[in-house]
Amino acid sequence: MLLDRLYPRPGQVEVADVASGLDLGSRAPEGRPYVVLNMVASLDGKAAINGSTRGMGGEADRELFHNLRTQADALLVGAGTVRDERYGKAIKTDALRAKREQEGLAPEPVTVIVSFRGALPPDLPILQEPGAPVIVATGAAGELEGVAADVSYERTGDDLPLLLARLREDRGIRSILCEGGPTLNSHLLAAGLVDELFLSIDPVIVGGADALTLVAGRALAEPVRAELVSLLRSDEGLFGRWRLRG
Ligand SMILES: NC(=O)c1ccc[n+]([C@@H]2O[C@H](COP(=O)([O-])OP(=O)(O)OC[C@H]3O[C@@H](n4cnc5c(N)ncnc54)[C@H](OP(=O)(O)O)[C@@H]3O)[C@@H](O)[C@H]2O)c1
């Protein structure tokens, strides 16, 4: 699918090419992986419609979402999102698996699920995927019963800097694609652990003071500023890539 590139150089670009050859691992700072956040928002900054992203984002957003998964060693996601969205197999097609290998990555990313309480329903599709590489980052002591995925544990509690350090040092993970949700985002941003943001703007207004925005929780002690790397458009919305400062 072709998108119009508005910045930096006006022209046209295939969605798949937007998320190709990013070589995110080479940008990893000392002691932790490079962290890229990918989110979709409504025009009024909401992150979900009726508690789910299902009604948000069009075909281009979905294609970008799946192609971005070909660019990182690991996916990082909060337990709330995994539970609400019923996360399944990370890579959906052989073509996307082959793309990962061409990029020098393992055919499947490791899915790192952050769950302080370790409260994950064993029937989640990702946990029932035979041999799927999953790490549960948790403050709980137990292990999940009755799962088919290849699950291991990082007992890092709520300490995200420690988790990222362990992922880099012990597991060799140099690049992470974080897929939210807003609560996890707030903790990552507060700890200065987000390097980039891919943000799709879906031209819809959701409303509602209680609806989640991209970043939940308390206001950040310091606003995080970003600079635009690229901006694309289609009839389905705007697709920005931002580098966070600081
Ligand atoms: N627009 C988008 O692109 C987008 C992306 C993702 C999600 N969403 C939407 O966002 C909603 C879910 O987001 P959410 O904010 O409720 O949940 P979330 O951020 O996905 O997950 C929150 C949970 O993650 C765990 N957690 C978060 N920070 C932690 C830390 N520092 N240490 C240990 N555990 C931590 C806790 O799990 P436990 O409770 O298990 O302890 C917490 O309850 C859904 O409606 C989903 O559709 C939207």
Side-chain angles (χ1 to χ4, degrees), residues 19 32 35-58 60-66 68-69 75-88 90 111-122 124 126-127 134-144 151 153-167 176-194 196-206 208 210-218 220 236-242:
R32 69 164 173 87
V35 178
V36 173
L37 180 58
N38 181 32
M39 297 289 287
V40 59
S42 65
L43 286 177
D44 54 338
K46 305 302 185 194
I49 299 177
N50 295 327
S52 166
T53 54
R54 242 156 269 141
M56 298 182 81
D61 178 57
R62 265 184 290 282
E63 201 177 326
L64 185 58
F65 177 92
H66 288 293
L68 280 171
R69 285 185 170 187
L75 306 182
L76 177 68
V77 62
T81 297
V82 169
R83 290 187 288 252
D84 291 348
E85 307 275 338
R86 300 285 300 167
Y87 257 49
T111 300
V112 182
I113 306 174
V114 178
S115 174
F116 183 75
R117 295 175 294 136
L120 297 172
L124 279 176
I126 178 99
L127 296 176
V134 173
I135 297 171
V136 176
T138 184
E143 298 208 347
L144 297 169
V151 182
Y153 298 84
E154 287 289 355
R155 311 285 176 186
T156 45
D158 63 357
D159 192 337
L160 294 173
L162 177 63
L163 171 63
L164 293 199
R166 291 243 185 108
L167 293 177
I176 283 181
L177 177 69
C178 177
E179 296 182 341
T183 304
L184 176 58
N185 294 349
S186 73
H187 294 155
L188 286 170
L189 286 162
L193 295 173
V194 182
E196 281 191 27
L197 169 66
F198 278 82
L199 177 60
S200 300
I201 303 286
D202 185 353
V204 62
I205 296 174
V206 177
D210 295 336
L212 279 172
T213 61
L214 294 179
V215 184
R218 281 177 295 157
L220 297 169
E236 296 178 358
L238 293 173
F239 305 87
R241 178 182 179 187
W242 300 86

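Just so you know, ligand 1 is whichever comes first in the structure, and atom 1 is the first atom listed for that ligand. Heavy-atom basis, side chains included; hydrogens, waters and symmetry copies ignored. Since the structure is predicted, the reported quantities are computational estimates derived from the model, not experimental observations.
Taking a 4.0 Å cut-off on heavy atoms, Ala216 fails to register as neighbouring ligand 1.
In terms of protein heavy atoms, atom 17 (O) of ligand 1 is closest to Gly80 CA, 3.6 Å. The single protein non-hydrogen atom nearest to atom 18 (P) of ligand 1 is Gly181 N, 3.6 Å, given as residue, atom name and distance. Closest to atom 7 (C) of ligand 1, if we only count protein heavy atoms, is Thr81 OG1, 3.1 Å. Closest protein heavy atom to atom 19 (O) of ligand 1: Leu184 N, 2.9 Å. Here the protein heavy atom with the shortest distance to atom 47 (O) of ligand 1 is Glu85 OE2, 2.4 Å. Scanning the protein for heavy atoms near atom 44 (C) of ligand 1, the closest one is Asp84 OD2, 3.2 Å. Closest to atom 40 (O) of ligand 1, if we only count protein heavy atoms, is Ser115 OG, 2.5 Å. From the protein, the heavy atom lying nearest to atom 10 (O) of ligand 1 is Pro182 CD, 3.2 Å.
Residue Gly51 holds the heavy atom nearest to atom 45 (O) of ligand 1 of all those in Gly51, Ala137, Ala47. Comparing Lys46, His187, Arg83 against atom 43 (O) of ligand 1, the shortest heavy-atom distance belongs to Arg83. Closest heavy-atom approach to atom 3 (O) of ligand 1 within the set Val40, Asp159, Leu163: this belongs to Val40. Counting heavy atoms only, Val114 comes closest to atom 25 (C) of ligand 1 of the residues Val114, Leu199, Asp61. Counting only non-hydrogen atoms, the option in Leu188, Leu212, Asp158 that gets closest to atom 32 (N) of ligand 1 is Asp158. Nearest-heavy-atom check against atom 16 (O) of ligand 1 across Leu37, Thr183, Val82, Asp202 picks out Thr183.
No donor-acceptor pair closer than 3.5 Å links the side chain of Glu179 to the backbone N or O of Leu75. Not one N or O on the side chain of Asp84 forms a donor-acceptor pair closer than 3.5 Å with the backbone of Ser52. Using a distance-only test at 3.5 Å, with no hydrogens or angles considered, a donor-acceptor pair links the side chain of Thr81 to the main chain of Gly181.
The side-chain heavy atoms of Arg83 and Pro121, taken from C-beta on, include a pair separated by under 4.5 Å. Side-chain contact check for Leu37 versus Asn185: some heavy-atom pair is nearer than 4.5 Å. Val114 is listed as a side-chain neighbour of Leu76, based on a closest heavy-atom distance under 4.5 Å. Within the 4.5 Å cutoff, the side chain of Phe239 has heavy atoms near those of the Asp61 side chain. The shortest distance between side-chain heavy atoms of Pro161 and Leu193 falls below 4.5 Å. Side-chain contact between Ser42 and Met56: present, with at least one pair of heavy atoms (C-beta onward) separated by less than 4.5 Å. Within the 4.5 Å cutoff, no side-chain heavy atoms of Arg117 are placed close to those of Thr138. Using a 4.5 Å heavy-atom cutoff, the side chains of Ile126 and Thr111 are in contact.
Only the backbone of Glu179 comes within contact range of ligand 1, with a heavy atom under 4.0 Å; no side-chain atom does.
Any N or O atom pair closer than 3.5 Å counts here, and Phe116 shares at least one such pair with ligand 1. By the 3.5 Å distance cut-off applied to N or O atoms, Arg117 is counted among the residues near ligand 1. Residue Gly118 places no N or O, backbone or side chain, under 3.5 Å from any N or O of ligand 1.
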Worksheet item: Under the side chain to side chain contact (heavy atoms under 4.5 Å, CB included) criterion, do Ile135 and Leu167 qualify, and how do the steps go?
Response: CA-CA 10 Å; Ile135 297 171; Leu167 293 177; 3.9 Å; yes

Worksheet entry | Derivation of the side chain to side chain contact (heavy atoms under 4.5 Å, CB included) call for Glu154 and Val136 | CA-CA 6 Å; Glu154 287 289 355; Val136 176; over 6 Å; no

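There is a protein heavy atom closer than 4.0 angstrom to atom 12 (C) of ligand 1.
Ligand 1 places these atoms under 4.0 Å from at least one heavy atom of Thr53: 1 (N), 2 (C), 4 (C), 8 (N), 47 (O), 48 (C). Per-residue contacts place Ala79 under 4.0 angstrom from the following atoms of ligand 1 (heavy atoms of the residue considered): 21 (O), 23 (C), 24 (O), 37 (O), 40 (O). Atoms of ligand 1 found under 4.0 Å from any heavy atom of Ala48, numbered from 1 in the order shown, are 45 (O). For ligand 1, the atoms lying closer than 4.0 Å to a non-hydrogen atom of Gly157 are 32 (N), 33 (C). For ligand 1, the atoms lying closer than 4.0 Å to a non-hydrogen atom of Leu160 are 31 (N).
The CG atom of Leu160 sits 6.5 Å away from the CG atom of Leu164 when rounded to the nearest 0.5 Å. Taking CH2 of Trp242 as the start and CG of Leu197 as the end, the distance is 8.5 Å to the nearest 0.5 Å.
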